[in-house]
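Because the structure is predicted, anything quoted here is derived from the model rather than measured. Chain A is the first sequence line, chain B the second, and so forth, proteins listed ahead of strands; every chain is numbered from 1. Basis for what follows: all heavy atoms, side chains included, without hydrogens, waters or symmetry-related copies.
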Amino acid sequence: MPAHVARLGRPVERSRLARPAVEVAPELLGTVLVAGDRAGRIVEVEAYMGEADPGSHAFRGPTARTATMFGPPGHLYVYFTYGMHWCANVVCGDDGVASAALIRALEPLRGVEAMREARPAARRDRDLCNGPAKLCQALGLDGRHDGTDVVRGTDDVWLLEDGWTSDAAPVVSTRIGLTNGADLPWRWHVDGSAHVSRPSGRGGIVVG
DNA sequence: CGTTTGATGCTCT
DNA sequence: GAGCATCAAACGG
């Protein structure tokens, strides 16, 4: 593990991810996603509960696209949408069970200059990573990273904990951009963060 | 501020 | 063929 990565934290334990995404996702707030020389603190996540979730890509069973999501935890499920955007999930749950946490927003920590170059449309730094496709663009994540192991850090992509101490309560609300499963309260974000995609969905409630 | 609209191509029916 | 876990620009107030 490179020293500049170790400085930001230690890898999350895979066993911690081998649980349903609704349990894991809120715990990911405050962890650090690293991609090469760029890194950001996760401030917004959503849970997708696979075959039990009408909002999940895995709702109708495994397909070629969702193969990673059905695989072991600790890998990245990266998908392409709207003909132009990539979005990244941390795969949760046991091998064979589809469950994943969509990373929706980061607070930039390292490599901000590289992020600015990767996202010329961002007028302010708070616009670099405040959306699931924006953060993938900022970090240079795309289809090549589907299946990459964020516990072992293959492809220099890591998910770290202990790199940051949370001092803000998580807020729970409904997920963004869905038509199916839109009422399920499976979005969490750091209360008061200037780096989330939206301050609150419907019925935002402070949990912690 | 807010809302609306066009871009653009893969995935599954 | 329909829909999409989105974004940015272009509006109107």
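If you check the side chains of A/E107 and A/S193, you find no donor sitting under 3.5 Å from an acceptor.
When the nucleotides C/dT6, C/dC4, B/dC12 are ranked by their closest atom to the side chain of A/R65, B/dC12 comes out on top. Closest approach to the A/R119 side chain among B/dT13, C/dA8, C/dA5 is made by C/dA8 (side chain taken as heavy atoms from C-beta onward). Among the nucleotides C/dA5, C/dC4, C/dC7, the one closest to the side chain of A/M69 is C/dA5. When each of C/dT6, C/dC4, B/dC12 is scored by its nearest atom to the side-chain atoms of A/P132, the top-ranked nucleotide is C/dT6. Residue A/A121 places its side chain closer to C/dA9 than to any other of B/dT13, C/dA9, C/dC4.
Under the 4.0 Å criterion applied to side-chain N and carboxylate O atoms, A/D53 and A/R175 are assigned as salt-bridge partners. A salt bridge links A/D149 to A/R14: at least one charged side-chain nitrogen sits closer than 4.0 Å to a carboxylate oxygen. A salt bridge between A/R116 and A/E113 is present, with a side-chain N of the basic residue lying under 4.0 Å from a carboxylate O of the acidic one. We find that A/E27 and A/R19 are joined by a salt bridge, their nearest charged nitrogen and carboxylate oxygen being less than 4.0 Å apart.
Contacts of A/G55 with the nucleic acid, taken as non-hydrogen atoms under 4.0 Å apart, include base atoms.
A/L184 has its CG atom 13 Å from the C1' atom of C/dA5, to the nearest Å. Here C/dA8 presents its P atom at 10 Å from CG of A/L128, a figure rounded to the nearest Å. Between A/L178 atom CG and C/dG3 atom P there is a gap of 16 Å when expressed in whole angstrom units. Across the protein-nucleic acid pair, A/R60 atom CZ and C/dA2 atom C1' stand 13 Å apart, rounded to whole Å. Rounded to a whole Å, the CZ atom of A/R123 is 11 Å from the P atom of C/dA8.
Between A/T81 and C/dA5 there is no side-chain N or O to OP1 or OP2 distance below 4.0 Å. Between A/R104 and C/dT6 there is a side-chain polar atom (N or O) within less than 4.0 angstrom of OP1 or OP2. Of the side-chain N and O atoms in A/T179, one or more sit less than 4.0 angstrom from OP1 or OP2 of C/dC4.
Test A/M1, A/R41, A/R7, A/R10 against A/L160 for side-chain contact (heavy atoms from CB on, under 4.5 Å) and you get one pass: A/M1.
Side-chain N/O atoms of A/Y82 and base N/O atoms of B/dA7 include no donor-acceptor pair closer than 3.5 Å.
Heavy-atom nearest nucleotides on DNA chain C were determined for A/K134 and for A/H57, and the one closer to the 5' end corresponds to A/H57.
A tilted orientation is assigned to the rings of A/W86 and A/F80, their planes being inclined by 30° to 60°.
In DNA chain C, the stems built from three or more successive Watson-Crick or G-U pairs (distances below 3.5 Å) are B:1-7 with C:6-12, B:9-12 with C:1-4.
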